[in-house]
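Comments concern the structure below.
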Amino acid sequence: MTEAAFWSDLTDRGMVQQTTNETMGDWIASQLGSNDELTCYCGFDPTADSLHIGSLLPVVGLRRLKNAGLKPIALVGGATGMIGDPSGKTTERTLLDADALDANVKGIGGQLETLLEGTAGQDFLMVNNYDWFGDIRFVDFLRDVGKHFSVNMMVAKESVRARLEDRDHGISYTEFSYMLLQAYDFLHLFETHGCRLQVGGSDQWGNITAGIDLIHRKHHGEEIEGITFPLITTSSGKKFGKSEKGNIWLDRKRTHPYFMYKYFFDTDDADVVRFLKCFTFVPLEEIGGLATSMETEPHLRATQKALARQVTGMVHGAETAEACAGLEPAMHHDDVEAFEKHAETLGLLDPSSIGSEESSTDLPVVHRPLSELQGEGLLAADLAIACGLFKSKGEVRREVGSNSGFRIDGKPVESFDYRITSQLLGSRRVLQIRKGKKNKRMVCFHG
RNA sequence: GGAGGGGUGCCCGAGCGGCCAAUGGGAGCAGACUGUAAAUCUGCCGGCUUAUGCCUACACAGGUUCGAAUCCUGUUCCCUCCA
C-alpha cells in the first residue's frame with residue numbers, strides 16, 4: 001500500500017476522528033518519503049493487567065501506522081498510571097500501588113507484542129514512562145515543564161472543564177497535573193526518539209495538543225502532529241465492549257476466547273460493517289462484498305463471522321479463532337461431534353483446566369461426575385442452576401410450565417421434577433441443556 | 001453553621017397506615033415472527049422441596065399500632081437555598 005493509499009484507507013475506515021493537520025495524509029507521505037523516519041507513539045493506561053476490547057482501537061490504529069511504514073512506540077504509563085487520567089472520567093481515580101502497576105505494565109506489554117505483531121525493541125519500541133519520571137525532581141519539573149503551561153489554557157481543556165463544572169466530584173490537583181505529564185512524555189519521546197506524531201482515542205485530544213504545544217515552546221519550528229481515533233459506540237446505545245458479564249478482556253484467563261468470539265458474532269447488523277472496518281485488516285473491497293452479502297443472504301451471517309474470526313484471531317491466534325468459529329455452529333446446531341472436536345482444541349474438555357476461573361459457570365461447557373446420574377439421577381433443575389443457565393428454581397419452574405424454554409438435548413423438560421439418569425445418557429458422555437434458543441451448555445460427564 | 005427536600009426492587013420512578021412483594025417505564029429472560037438480525041406482539045420478571053403457604057425486602061437502628069414502605073425518634077448519606 002502506498003503512503004497516499006494508506007491515508008485514504010484509514011479515513012475510509014472511519015478511523016480518523018481529529019487531526020492537527022488538515023493534510024495529514026500528505027504530511028505523513030512526505031515524512032515517509034524523505035530520509036527521515038516518522039516515529040509515532042500511543043499511550044496505554046495500565047489500569048489492569050490486561051487490555052479489554054474497549055481499548056483495542058488505538059492498538060489497531062498503531063498497527064496500521066506500523067504497516068504503513070511508521071515506527072511505532074507503545075508507551076505504557078507506569079508513571080502516569082499512578083496519577084490517573086481525568087479525560088473522559090467523571091470521578092476521581094483510585095491510585096494503584098507500585099507493585100500492581102508493575103504487574104499491569106507487564107501484562108499489557110505482552111498483549112501489545114501480540115497485537116502489534118512484533119517483538120518489542122525490534123519491530124516497535126515499548127517504553128514505560130516511569131523510566132523517565134521515576135526520579136525526576138519536582139522542582140526541576142516545575143521549572144522545565146510547568147513554566148510552559150498556562151493554567152488558563154489548562155482550565156479551558158474539555159477534560160478539565162467537565163470536572164470543574166461537576167460540583168459533585170471536582171478534580172484533585174493530582175489529576176489536574178496529568179496533562180503536564182503526558183505532554184512531557186511526548187517531549188521526551190521527541191527528544192530521545194524523534195517522535196513527531198502522537199495518536200490516541202478521541203478523549204486524548206487535549207493531552208495530545210498539550211504535548212504538541214510544549215514541544216513547540218521548547219523546539220521552535222518543529223512539525224509535531226496528532227491524530228485521534230473515534231469513540232466506538234453501538235447503535236443500540238449499549239457501551240461497546242461490555243457484555244452482561246462485564247468487560248470483554250483480551251486476557252483469556254479473564255474472558256474466554258469463545259466469549260470474545262461470541263460477542264463479536266452477536267454484533268448488530270447496524271454496527272458490524274463499521275466494526276469490521278475499524279478492528280480488522282480485511283481490505284475495504286472485501287468488506288463491501290460482506291456488506292452486500294448481509295443484504296442478499298443475511299442468514300449466513302458472513303459479516304459477523306468475519307468480524308468475530310478476525311478479531312479473535314488477532315488476539316488469541318488463528319488456531320483458537322478457528323476453533324471458536326467451529327464451536328459456535330456446533331453449539332447452535334447441537335452437533336456433539338463437532339463440539340467435542342473444537343472444544344478439545346480450546347481446552348474446554350479437560351475438567352481440571354477449567355472450573356477455577358471466575359466466569360467458569362458461564363462457560364458453554366460444564367463438567368460433572370458420572371456418579372451423579374446413578375440411582376434416582378440428577379434433578380435437571382439443579383444441573384441447570386449449577387451451570388449458570390437458570391438463576392433459581394423458581395425460574396426453572398416458570399420455564400418448564402407454559403412455553404417450555406428449558407430443554408435437554410432439544411426435548412422440552414415437561415416437569416420440574418424431571419431427573420437425568422444414566423439411562424438417558426446411554427453410551428454418550430455429552431448432553432446438551434439449554435434455556436431458549438441462545439443459552440446453551442454442553443454437559444460432559446466424567447466417570 | 002442555618003432552612004428545606006430526599007434515600008423504594010437490576011436502573012428510573014410511583015405509592016404515603018391495611019386491598020403492597022409494592023402502579024408504570026427501561027433493562028433482562030422466555031414465546032411468536034425472523035436471518036442465531038432489527039422492529040413488533042405475548043408472557044415472566046425477590047427467594048423458598050411442589051405452595052388459597054412461608055421467608056426476605058421499600059437507607060440503618062429503634063418505637064407507636066391488631067397491622068407500617070407509609071406515623072414517631074435517633075443515625076447516616078445525598079440534593080437545593082442561605083451564611
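Chain identifiers are assigned alphabetically (A, B, ...) following the order of the sequence lines, protein sequences preceding nucleic acid strands; residue numbering begins at 1 within each chain.
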Please state the [atom1] separation for the pair [N] and [M] - nearest whole angstrom.
N     : M     : atom1 : result
B:C82 : B:G46 : C1'   : 44 Å
B:G62 : B:U56 : P     : 14 Å
B:U64 : B:U73 : P     : 14 Å
B:C44 : B:U34 : C1'   : 22 Å
B:C45 : B:C10 : P     : 15 Å
B:C12 : B:A83 : C1'   : 35 Å
B:G24 : B:C33 : C1'   : 27 Å
B:G63 : B:G47 : P     : 31 Å

Can you check the [X] [atom1] to [N] [atom2] distance for me, whole Å?
X        : N     : atom1 : atom2 : answer
A:Asp382 : B:U50 : CG    : P     : 14 Å
A:Lys391 : B:G47 : NZ    : P     : 6 Å
A:Leu307 : B:U36 : CG    : C1'   : 15 Å
A:Lys393 : B:C55 : NZ    : C1'   : 16 Å
A:Asp269 : B:U36 : CG    : C1'   : 11 Å
A:Arg397 : B:C44 : CZ    : P     : 18 Å
A:Arg398 : B:C44 : CZ    : P     : 10 Å
A:Phe390 : B:G28 : CZ    : P     : 18 Å

Picking from B:U36, B:C29, B:G35, which would you name as closest to the side chain of A:Asn439?
B:C29
Closest listed nucleotide, where the reference is the side chain of A:Glu395 and the choices are B:U36, B:C29, B:A51:
B:C29
Looking at A:Phe406 versus A:Phe390, is the centre-to-centre ring distance below 6.0 Å?
yes
Salt-bridged, A:Lys438 to A:Asp266, with N to O below 4.0 Å?
no
In plain terms, say whether A:Glu340 and A:Arg429 are close enough for a salt bridge, that is, a side-chain N and a carboxylate O under 4.0 Å apart.
no
Side chain to side chain contact (heavy atoms under 4.5 Å, CB included) evaluation trace for A:Ile287 with A:Arg13
CA-CA 10 Å; A:Ile287 294 178; A:Arg13 283 176 187 274; 3.9 Å; yes
Suppose we define a pair by two distances each less than 3.5 Å, Watson-Crick or G-U wobble; what does [N] pair with here?
N     : value
B:U80 : B:A3
B:G67 : none
B:A32 : B:U40
B:C10 : B:G26

Member of A:Val443, A:Val430, A:Leu431 meeting the side-chain contact (heavy atoms from CB on, under 4.5 Å) criterion with A:Leu425:
A:Leu431
Phosphate contact ([N] OP1 or OP2) by [X] side-chain N/O below 4.0 Å:
X        : N     : result
A:Arg301 : B:A38 : no
A:Lys437 : B:G35 : no
A:Ser392 : B:G46 : no

Suppose we call a contact any N or O donor and acceptor under 3.5 Å apart; does that hold for the side chain of A:Lys440 and the base of B:U36?
no
Think A:Lys393 forms a cation-pi with A:Phe416, using NZ or CZ under 6.0 Å from the six-ring centre and within 45 degrees of its axis?
no
5'-most contact on RNA chain B: A:Phe416 or A:Met294, nearest heavy atom basis?
A:Met294
By nearest heavy atom, map A:His332 and A:Arg434 onto RNA chain B; which one lands nearer the 5' end?
A:Arg434
Determine the contact category for [X]: base if any of its heavy atoms lies under 4.0 Å from a base atom, sugar-phosphate if only primed atoms, P, OP1 or OP2 are that close, otherwise nothing.
X        : value
A:Asp268 : sugar-phosphate
A:Glu328 : base
A:Asp417 : nothing

The complete set of salt bridge (charged side-chain N to carboxylate O under 4.0 Å, His left out) pairs with one or both residues in residues 287-297 of chain A, sequence neighbours excluded, reads none
So is the aromatic ring of A:His299 stacked onto the base of B:U36, judging by whether the centres are under 5.5 Å apart and the planes are under 30° apart?
no
